[in-house]
Protein chains: 2
Amino acid sequence: MMQLIRVARLHHATVLCKPLREETVGRPVKYKTFDHMNCSLAQTLNIIGERWTLLILRDSFFGSKRFAQFERNLGISKNILTARLNTLVEEGILTRRTSKEDGRTDYVLTEQGLELQPVLLSMTHWGDKHRPHPRGERVTFVDRETGRPIQKMGVRGEDGRLLAPRDIRATAGPGLETD
Amino acid sequence: MMQLIRVARLHHATVLCKPLREETVGRPVKYKTFDHMNCSLAQTLNIIGERWTLLILRDSFFGSKRFAQFERNLGISKNILTARLNTLVEEGILTRRTSKEDGRTDYVLTEQGLELQPVLLSMTHWGDKHRPHPRGERVTFVDRETGRPIQKMGVRGEDGRLLAPRDIRATAGPGLETD
DNA sequence: CAGCATCCTACGAGATACTG
DNA sequence: CAGTATCTCGTAGGATGCTG
(Lines give C-alpha, C1' and ligand atoms only; values in the text may rest on other atoms or scores of the structure.)
Protein backbone atom coordinates (compact mmCIF):
# COMPACT_ATOMS: atom_id res chain seq x y z
CA MET A 1 0.00 0.00 0.00
CA MET A 2 0.90 3.57 -0.50
CA GLN A 3 3.16 4.07 2.43
CA LEU A 4 3.34 7.48 3.88
CA ILE A 5 6.06 9.57 2.46
CA ARG A 6 8.46 10.34 5.16
CA VAL A 7 10.55 12.35 2.81
CA ALA A 8 12.17 14.22 5.56
CA ARG A 9 13.59 12.90 8.71
CA LEU A 10 14.23 16.51 9.35
CA HIS A 11 11.10 16.77 11.50
CA HIS A 12 9.45 19.98 11.02
CA ALA A 13 10.24 21.37 14.39
CA THR A 14 13.44 22.26 12.66
CA VAL A 15 11.87 25.06 10.78
CA LEU A 16 13.48 25.05 7.39
CA CYS A 17 12.61 28.48 6.29
CA LYS A 18 11.99 30.66 9.21
CA PRO A 19 8.95 32.83 8.63
CA LEU A 20 9.14 36.54 9.10
CA ARG A 21 7.96 37.80 12.41
CA GLU A 22 9.14 41.29 13.02
CA GLU A 23 7.44 44.55 13.66
CA THR A 24 5.14 44.43 10.72
CA VAL A 25 2.14 44.82 12.94
CA GLY A 26 -0.34 47.34 11.74
CA ARG A 27 2.32 48.66 9.40
CA PRO A 28 2.09 49.24 5.66
CA VAL A 29 1.82 45.83 4.08
CA LYS A 30 4.86 45.10 2.03
CA TYR A 31 5.30 41.96 0.07
CA LYS A 32 7.46 39.62 1.99
CA THR A 33 10.56 38.71 0.13
CA PHE A 34 11.92 35.25 0.69
CA ASP A 35 15.34 36.62 1.53
CA HIS A 36 15.12 35.83 5.19
CA MET A 37 14.38 32.22 4.50
CA ASN A 38 17.46 30.12 4.80
CA CYS A 39 16.51 28.00 1.87
CA SER A 40 18.11 27.68 -1.52
CA LEU A 41 14.80 27.30 -3.23
CA ALA A 42 13.55 30.53 -1.76
CA GLN A 43 16.73 32.30 -2.82
CA THR A 44 16.26 31.10 -6.34
CA LEU A 45 12.61 32.05 -6.36
CA ASN A 46 13.51 35.54 -5.29
CA ILE A 47 15.40 35.92 -8.53
CA ILE A 48 13.52 33.95 -11.14
CA GLY A 49 10.20 33.58 -9.41
CA GLU A 50 8.39 36.43 -11.06
CA ARG A 51 5.78 35.82 -13.67
CA TRP A 52 7.65 36.70 -16.84
CA THR A 53 11.19 35.97 -15.88
CA LEU A 54 11.42 32.32 -16.85
CA LEU A 55 9.75 32.99 -20.16
CA ILE A 56 12.31 35.67 -20.92
CA LEU A 57 15.03 33.21 -20.08
CA ARG A 58 13.45 30.56 -22.24
CA ASP A 59 13.54 33.02 -25.08
CA SER A 60 17.17 33.67 -24.32
CA PHE A 61 17.94 30.00 -24.54
CA PHE A 62 16.22 29.92 -27.89
CA GLY A 63 18.48 32.66 -29.14
CA SER A 64 16.73 35.94 -28.49
CA LYS A 65 19.12 38.70 -27.65
CA ARG A 66 17.36 41.96 -28.29
CA PHE A 67 14.85 43.94 -26.34
CA ALA A 68 12.54 44.01 -29.32
CA GLN A 69 12.79 40.26 -29.81
CA PHE A 70 11.65 39.54 -26.30
CA GLU A 71 8.95 42.12 -26.61
CA ARG A 72 7.61 40.67 -29.80
CA ASN A 73 7.98 37.00 -28.98
CA LEU A 74 6.41 37.20 -25.57
CA GLY A 75 3.92 39.97 -25.98
CA ILE A 76 5.22 41.54 -22.80
CA SER A 77 4.97 45.24 -22.20
CA LYS A 78 8.06 47.35 -22.33
CA ASN A 79 8.14 48.56 -18.79
CA ILE A 80 7.91 45.06 -17.39
CA LEU A 81 10.47 43.82 -19.82
CA THR A 82 12.80 46.62 -18.84
CA ALA A 83 12.38 45.83 -15.19
CA ARG A 84 12.90 42.10 -15.60
CA LEU A 85 15.94 42.52 -17.83
CA ASN A 86 17.44 44.90 -15.32
CA THR A 87 17.13 42.54 -12.41
CA LEU A 88 18.36 39.65 -14.50
CA VAL A 89 21.44 41.67 -15.37
CA GLU A 90 21.91 42.81 -11.78
CA GLU A 91 21.69 39.25 -10.60
CA GLY A 92 24.22 38.12 -13.16
CA ILE A 93 21.88 35.87 -15.10
CA LEU A 94 22.09 37.93 -18.24
CA THR A 95 24.76 40.31 -19.36
CA ARG A 96 24.57 43.33 -21.59
CA ARG A 97 26.85 43.32 -24.57
CA THR A 98 27.25 45.76 -27.41
CA SER A 99 26.50 44.19 -30.74
CA LYS A 100 29.38 44.38 -33.15
CA GLU A 101 27.00 44.64 -36.05
CA ASP A 102 24.86 47.58 -35.16
CA GLY A 103 26.24 48.79 -31.86
CA ARG A 104 22.99 48.10 -30.03
CA THR A 105 22.48 46.17 -26.84
CA ASP A 106 22.45 42.40 -26.74
CA TYR A 107 21.30 40.41 -23.74
CA VAL A 108 23.29 37.24 -23.39
CA LEU A 109 23.08 34.44 -20.86
CA THR A 110 25.96 34.26 -18.43
CA GLU A 111 27.32 31.02 -17.07
CA GLN A 112 25.01 31.37 -14.11
CA GLY A 113 22.18 31.87 -16.51
CA LEU A 114 23.08 28.89 -18.61
CA GLU A 115 23.06 26.76 -15.51
CA LEU A 116 19.39 27.44 -15.12
CA GLN A 117 18.76 25.11 -17.99
CA PRO A 118 17.88 22.16 -15.77
CA VAL A 119 15.20 24.28 -14.18
CA LEU A 120 13.72 25.24 -17.52
CA LEU A 121 13.90 21.72 -18.84
CA SER A 122 12.37 20.18 -15.74
CA MET A 123 9.42 22.48 -16.04
CA THR A 124 9.10 21.90 -19.75
CA HIS A 125 9.20 18.16 -19.35
CA TRP A 126 6.57 18.29 -16.65
CA GLY A 127 4.36 20.35 -18.91
CA ASP A 128 4.97 17.99 -21.81
CA LYS A 129 3.79 15.10 -19.74
CA HIS A 130 0.99 16.54 -17.67
CA ARG A 131 -0.34 19.36 -19.82
CA PRO A 132 0.37 17.98 -23.25
CA HIS A 133 -0.58 19.37 -26.60
CA PRO A 134 -3.06 17.09 -28.37
CA ARG A 135 -0.80 16.72 -31.36
CA GLY A 136 2.22 15.78 -29.32
CA GLU A 137 5.39 17.38 -28.10
CA ARG A 138 5.84 20.99 -29.04
CA VAL A 139 9.57 21.25 -28.81
CA THR A 140 11.98 18.39 -28.57
CA PHE A 141 15.45 18.92 -27.20
CA VAL A 142 18.15 16.86 -28.78
CA ASP A 143 21.77 16.14 -28.17
CA ARG A 144 23.53 18.32 -30.70
CA GLU A 145 26.10 15.68 -31.33
CA THR A 146 23.96 12.63 -31.83
CA GLY A 147 20.73 14.31 -32.83
CA ARG A 148 18.86 12.04 -30.44
CA PRO A 149 16.42 13.37 -27.84
CA ILE A 150 17.79 14.04 -24.41
CA GLN A 151 16.56 12.11 -21.43
CA LYS A 152 13.73 13.41 -19.34
CA MET A 153 15.01 15.26 -16.33
CA GLY A 154 15.24 12.90 -13.41
CA VAL A 155 16.89 12.49 -10.06
CA ARG A 156 19.87 10.20 -9.88
CA GLY A 157 21.74 8.64 -7.04
CA GLU A 158 25.48 8.77 -6.77
CA ASP A 159 25.68 5.52 -8.67
CA GLY A 160 23.54 6.87 -11.47
CA ARG A 161 20.35 4.99 -10.69
CA LEU A 162 17.16 6.88 -11.40
CA LEU A 163 15.41 7.64 -8.15
CA ALA A 164 11.71 8.05 -7.56
CA PRO A 165 10.49 10.87 -5.34
CA ARG A 166 10.06 8.52 -2.40
CA ASP A 167 13.58 7.20 -2.70
CA ILE A 168 14.98 10.48 -1.53
CA ARG A 169 15.48 11.76 1.94
CA ALA A 170 16.45 15.20 3.12
CA THR A 171 19.10 15.74 5.73
CA ALA A 172 20.21 18.89 7.44
CA GLY A 173 23.46 20.38 6.18
CA PRO A 174 25.89 22.76 7.87
CA GLY A 175 24.16 25.80 6.44
CA LEU A 176 20.95 25.10 8.27
CA GLU A 177 20.67 26.85 11.56
CA THR A 178 19.13 24.56 14.07
CA ASP A 179 18.80 27.10 16.83
CA MET B 1 9.32 3.68 -29.43
CA MET B 2 11.12 6.90 -29.69
CA GLN B 3 9.68 8.71 -32.58
CA LEU B 4 11.89 10.32 -35.12
CA ILE B 5 12.59 13.94 -34.76
CA ARG B 6 12.22 16.41 -37.47
CA VAL B 7 15.40 18.28 -37.83
CA ALA B 8 13.72 21.50 -38.66
CA ARG B 9 16.07 24.12 -37.42
CA LEU B 10 13.46 26.03 -35.56
CA HIS B 11 14.73 29.42 -36.50
CA HIS B 12 13.25 32.05 -34.42
CA ALA B 13 10.95 33.33 -37.07
CA THR B 14 8.86 30.36 -36.01
CA VAL B 15 7.42 32.08 -33.02
CA LEU B 16 7.38 29.52 -30.27
CA CYS B 17 4.86 31.08 -28.01
CA LYS B 18 2.52 33.24 -29.90
CA PRO B 19 1.86 36.44 -28.06
CA LEU B 20 -1.64 37.59 -27.33
CA ARG B 21 -3.08 40.11 -29.69
CA GLU B 22 -6.80 40.30 -29.36
CA GLU B 23 -9.28 42.99 -28.57
CA THR B 24 -7.60 44.19 -25.46
CA VAL B 25 -7.42 47.72 -26.73
CA GLY B 26 -8.66 50.31 -24.34
CA ARG B 27 -10.32 47.55 -22.36
CA PRO B 28 -9.98 46.75 -18.67
CA VAL B 29 -6.45 45.55 -18.21
CA LYS B 30 -6.36 41.94 -17.22
CA TYR B 31 -3.25 40.02 -16.51
CA LYS B 32 -2.36 37.91 -19.43
CA THR B 33 -2.33 34.26 -18.67
CA PHE B 34 0.13 32.11 -20.52
CA ASP B 35 -2.59 29.73 -21.62
CA HIS B 36 -2.55 30.82 -25.22
CA MET B 37 1.14 30.10 -25.52
CA ASN B 38 1.72 26.75 -27.06
CA CYS B 39 4.60 26.05 -24.79
CA SER B 40 4.97 23.48 -22.05
CA LEU B 41 6.97 25.81 -19.91
CA ALA B 42 4.23 28.41 -20.03
CA GLN B 43 1.62 25.81 -19.15
CA THR B 44 3.63 24.76 -16.16
CA LEU B 45 4.18 28.34 -15.09
CA ASN B 46 0.48 28.97 -15.20
CA ILE B 47 0.09 26.41 -12.47
CA ILE B 48 3.11 26.66 -10.25
CA GLY B 49 4.35 30.08 -11.26
CA GLU B 50 2.82 32.08 -8.49
CA ARG B 51 4.86 33.44 -5.70
CA TRP B 52 4.08 31.06 -2.90
CA THR B 53 3.18 27.94 -4.75
CA LEU B 54 6.57 26.29 -5.00
CA LEU B 55 7.30 26.98 -1.38
CA ILE B 56 4.07 25.30 -0.40
CA LEU B 57 5.05 22.32 -2.49
CA ARG B 58 8.48 22.24 -0.97
CA ASP B 59 6.83 22.08 2.40
CA SER B 60 4.67 19.25 1.15
CA PHE B 61 7.72 17.34 0.06
CA PHE B 62 9.14 17.83 3.51
CA GLY B 63 6.08 16.27 5.01
CA SER B 64 3.69 19.08 5.80
CA LYS B 65 0.09 18.06 5.36
CA ARG B 66 -2.01 20.47 7.32
CA PHE B 67 -3.24 23.95 6.65
CA ALA B 68 -1.78 25.14 9.91
CA GLN B 69 1.59 23.59 9.18
CA PHE B 70 1.95 25.45 5.94
CA GLU B 71 0.75 28.60 7.58
CA ARG B 72 3.22 28.38 10.38
CA ASN B 73 6.19 27.15 8.43
CA LEU B 74 5.92 29.66 5.65
CA GLY B 75 4.48 32.66 7.40
CA ILE B 76 1.92 32.96 4.65
CA SER B 77 -1.45 34.50 5.29
CA LYS B 78 -4.51 32.35 5.40
CA ASN B 79 -6.37 33.75 2.45
CA ILE B 80 -3.43 33.29 0.14
CA LEU B 81 -2.77 29.85 1.49
CA THR B 82 -6.40 28.93 0.92
CA ALA B 83 -6.28 30.20 -2.63
CA ARG B 84 -3.05 28.41 -3.48
CA LEU B 85 -4.14 25.15 -1.93
CA ASN B 86 -7.38 25.32 -3.85
CA THR B 87 -5.74 25.75 -7.22
CA LEU B 88 -3.18 23.08 -6.41
CA VAL B 89 -6.01 20.69 -5.62
CA GLU B 90 -7.96 21.73 -8.71
CA GLU B 91 -4.91 21.16 -10.84
CA GLY B 92 -4.36 17.76 -9.34
CA ILE B 93 -1.02 18.54 -7.74
CA LEU B 94 -2.29 18.04 -4.24
CA THR B 95 -5.25 16.05 -3.04
CA ARG B 96 -7.41 16.48 0.01
CA ARG B 97 -7.69 13.49 2.25
CA THR B 98 -9.43 13.03 5.54
CA SER B 99 -7.04 12.18 8.30
CA LYS B 100 -7.79 8.91 9.99
CA GLU B 101 -6.49 10.23 13.26
CA ASP B 102 -8.54 13.31 13.80
CA GLY B 103 -10.82 13.49 10.79
CA ARG B 104 -9.35 16.77 9.60
CA THR B 105 -8.09 17.61 6.16
CA ASP B 106 -4.69 16.52 4.93
CA TYR B 107 -3.10 17.85 1.79
CA VAL B 108 -1.08 15.18 0.07
CA LEU B 109 0.99 15.26 -3.08
CA THR B 110 -0.46 13.36 -5.99
CA GLU B 111 1.64 11.53 -8.54
CA GLN B 112 1.62 14.63 -10.69
CA GLY B 113 2.76 16.60 -7.72
CA LEU B 114 5.52 14.19 -6.86
CA GLU B 115 6.80 14.49 -10.37
CA LEU B 116 7.53 18.12 -9.77
CA GLN B 117 10.46 17.06 -7.67
CA PRO B 118 13.00 17.60 -10.46
CA VAL B 119 11.80 21.18 -10.74
CA LEU B 120 12.19 21.79 -7.04
CA LEU B 121 15.56 20.09 -6.92
CA SER B 122 16.90 21.93 -9.94
CA MET B 123 16.05 25.22 -8.35
CA THR B 124 17.44 24.19 -5.02
CA HIS B 125 20.69 23.03 -6.56
CA TRP B 126 21.03 26.27 -8.47
CA GLY B 127 20.50 28.21 -5.28
CA ASP B 128 22.98 26.02 -3.43
CA LYS B 129 25.62 26.80 -5.98
CA HIS B 130 24.98 30.40 -6.88
CA ARG B 131 23.42 31.84 -3.76
CA PRO B 132 25.09 29.71 -1.13
CA HIS B 133 24.89 29.96 2.58
CA PRO B 134 28.27 30.92 4.07
CA ARG B 135 28.35 27.84 6.25
CA GLY B 136 27.58 25.47 3.42
CA GLU B 137 24.66 23.51 2.14
CA ARG B 138 21.43 23.95 4.01
CA VAL B 139 19.71 20.74 3.10
CA THR B 140 21.31 17.74 1.49
CA PHE B 141 19.23 15.24 -0.37
CA VAL B 142 20.35 11.69 -0.12
CA ASP B 143 19.46 8.39 -1.66
CA ARG B 144 17.36 6.69 0.97
CA GLU B 145 18.88 3.35 0.19
CA THR B 146 22.54 4.18 0.19
CA GLY B 147 22.47 7.30 2.33
CA ARG B 148 24.73 9.00 -0.19
CA PRO B 149 23.95 12.44 -1.65
CA ILE B 150 22.10 12.45 -4.93
CA GLN B 151 23.71 13.87 -8.03
CA LYS B 152 23.20 17.46 -8.97
CA MET B 153 20.42 17.83 -11.49
CA GLY B 154 21.85 17.79 -14.97
CA VAL B 155 20.87 17.20 -18.55
CA ARG B 156 21.73 13.86 -20.06
CA GLY B 157 21.82 12.55 -23.56
CA GLU B 158 20.19 9.32 -24.56
CA ASP B 159 23.44 7.53 -23.85
CA GLY B 160 23.66 9.01 -20.37
CA ARG B 161 26.40 11.55 -21.03
CA LEU B 162 26.07 14.80 -19.12
CA LEU B 163 25.38 17.59 -21.55
CA ALA B 164 26.30 21.24 -21.21
CA PRO B 165 23.77 23.89 -22.15
CA ARG B 166 25.39 24.45 -25.51
CA ASP B 167 25.31 20.77 -26.37
CA ILE B 168 21.58 20.88 -26.73
CA ARG B 169 19.50 21.90 -29.64
CA ALA B 170 15.76 22.46 -29.88
CA THR B 171 13.73 21.00 -32.70
CA ALA B 172 10.11 21.51 -33.56
CA GLY B 173 7.80 18.70 -32.59
CA PRO B 174 4.35 17.80 -33.91
CA GLY B 175 2.58 19.88 -31.28
CA LEU B 176 4.10 23.10 -32.53
CA GLU B 177 1.90 24.89 -34.95
CA THR B 178 3.99 26.47 -37.64
CA ASP B 179 1.25 28.42 -39.28
C1' DC C 1 15.56 50.32 -31.72
C1' DA C 2 16.03 50.54 -26.88
C1' DG C 3 14.49 52.18 -23.50
C1' DC C 4 12.31 55.88 -19.70
C1' DA C 5 8.34 58.24 -17.93
C1' DT C 6 3.42 58.26 -17.03
C1' DC C 7 -0.91 56.74 -15.76
C1' DC C 8 -4.01 53.35 -14.64
C1' DT C 9 -5.98 48.67 -13.33
C1' DA C 10 -6.25 44.45 -11.21
C1' DC C 11 -4.33 41.11 -8.83
C1' DG C 12 -1.31 39.46 -4.95
C1' DA C 13 -0.90 39.86 -0.42
C1' DG C 14 -1.16 41.12 4.79
C1' DA C 15 -4.01 41.72 8.90
C1' DT C 16 -7.87 40.73 11.39
C1' DA C 17 -12.34 39.07 12.56
C1' DC C 18 -15.57 35.59 12.20
C1' DT C 19 -17.75 30.66 11.40
C1' DG C 20 -18.55 25.41 11.81
C1' DC D 1 -8.42 23.63 13.45
C1' DA D 2 -9.55 24.87 8.92
C1' DG D 3 -10.97 27.80 6.73
C1' DT D 4 -14.22 32.19 4.88
C1' DA D 5 -15.07 37.12 4.67
C1' DT D 6 -13.44 41.86 4.56
C1' DC D 7 -10.70 45.63 4.11
C1' DT D 8 -6.57 47.73 2.76
C1' DC D 9 -2.43 48.41 0.42
C1' DG D 10 1.41 47.55 -2.75
C1' DT D 11 3.12 45.87 -6.62
C1' DA D 12 2.95 43.63 -11.15
C1' DG D 13 1.37 44.43 -15.29
C1' DG D 14 -0.75 46.88 -19.38
C1' DA D 15 -1.15 50.84 -22.68
C1' DT D 16 0.48 54.54 -24.26
C1' DG D 17 3.85 58.53 -25.41
C1' DC D 18 8.41 60.50 -25.53
C1' DT D 19 13.49 60.51 -26.18
C1' DG D 20 18.41 59.77 -28.12
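So you know, we letter chains A, B, ... as the sequences are listed, proteins then strands, and number each from 1.
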Let me know the distance between CD of A/E101 and P of C/dC1, rounded to the nearest Å. 15 Å

Whole-Å distance separating the OH atom of B/Y31 from the P atom of D/dT11: 12 Å

With the side chain of A/K78 defined as its heavy atoms from C-beta on, choose the nearest nucleotide among C/dC4, C/dA10, D/dA2. C/dC4

Taking the six-membered ring of A/F67, is the NZ or CZ of A/R104 close enough (under 6.0 Å from the centre) and on axis enough (within 45°)? no

Whole-Å distance, B/D106 CG to D/dC1 C1', equals 12 Å

Trace of the salt bridge (charged side-chain N to carboxylate O under 4.0 Å, His left out) decision for A/R161 with B/D143: CA-CA 10 Å; A/R161 275 169 31 253; B/D143 184 339; 3.2 Å; yes

Verify, without hydrogens or angle tests, whether A/T110 (side chain) and A/G92 (backbone) share a donor-acceptor contact under 3.5 angstrom. yes

On DNA chain C, compare the nucleotides closest to A/F34 and A/D102; which residue's is nearer the 5' end? A/D102

Let me know the distance between CG of B/L81 and C1' of D/dT4, rounded to the nearest Å. 13 Å

Looking at B/E115 and A/P165, would you say the former's side chain and the latter's main chain have a donor-acceptor pair under 3.5 Å? no

Side-chain N,O (B/R66) to OP1/OP2 (D/dC1) below 4.0 Å: no

Please state how far atom CD in A/E71 lies from atom P in D/dA15, giving the value in whole angstrom units. 11 Å

Result of checking B/R97, B/K100, B/R66, B/R96 against B/D106 for salt bridge (charged side-chain N to carboxylate O under 4.0 Å, His left out): B/R66

Under 4.0 Å between a side-chain N or O of A/Y107 and OP1 or OP2 of C/dG3? yes

Give a yes or no on this: more than 12 heavy atoms of other residues, nucleotides or ligands lie within 6.0 Å of atom CZ of B/R148. no

Could you state the atom-to-atom distance from CD1 of B/I76 to C1' of C/dG12 in whole Å? 11 Å

Could you tell me the separation between the CD atom of A/E50 and the P atom of C/dA13, rounded to a whole number of Å? 10 Å

Say whether A/S64 and A/N73, considering side chains only, have a donor N or O and an acceptor N or O under 3.5 Å apart. yes

Checking C/dC11, D/dG3, C/dG3 against the side chain of B/F67 (C-beta onward), the nearest is D/dG3

Which of the following nucleotides, D/dG17, D/dG3, D/dA12, is nearest to the side chain of B/R96? D/dG3

From the candidates C/dG12, D/dA12, D/dG14, the one with an atom nearest any side-chain atom of A/S77 is D/dG14

Starting at CD1 of B/I80 and ending at P of D/dT11, how long is that distance when rounded to a whole Å? 15 Å

Bracket notation of DNA chain D in which parentheses pair within the strand, [ ] cross earlier pairs, and | pairs with another strand (Watson-Crick or G-U, under 3.5 Å): |||||||||||||||||||.

Options C/dG12, D/dA12, D/dC1, nucleotide nearest the side-chain atoms of B/R104: D/dC1

Pick base, sugar-phosphate or nothing for A/F70, based on heavy-atom distances below 4.0 Å to the nucleic acid. nothing

Between the base of D/dG3 and the side chain of B/N79, is there any donor-acceptor pair under 3.5 Å? no

Cluster question for you: counting only ILVMFWY and a side-chain heavy-atom cut-off of under 4.5 Å, with indirect links fine, are A/V89 and A/I93 together? yes

Does the side chain of A/R51 get closer than 4.0 angstrom to OP1 or OP2 of D/dG13 through an N or O atom? yes

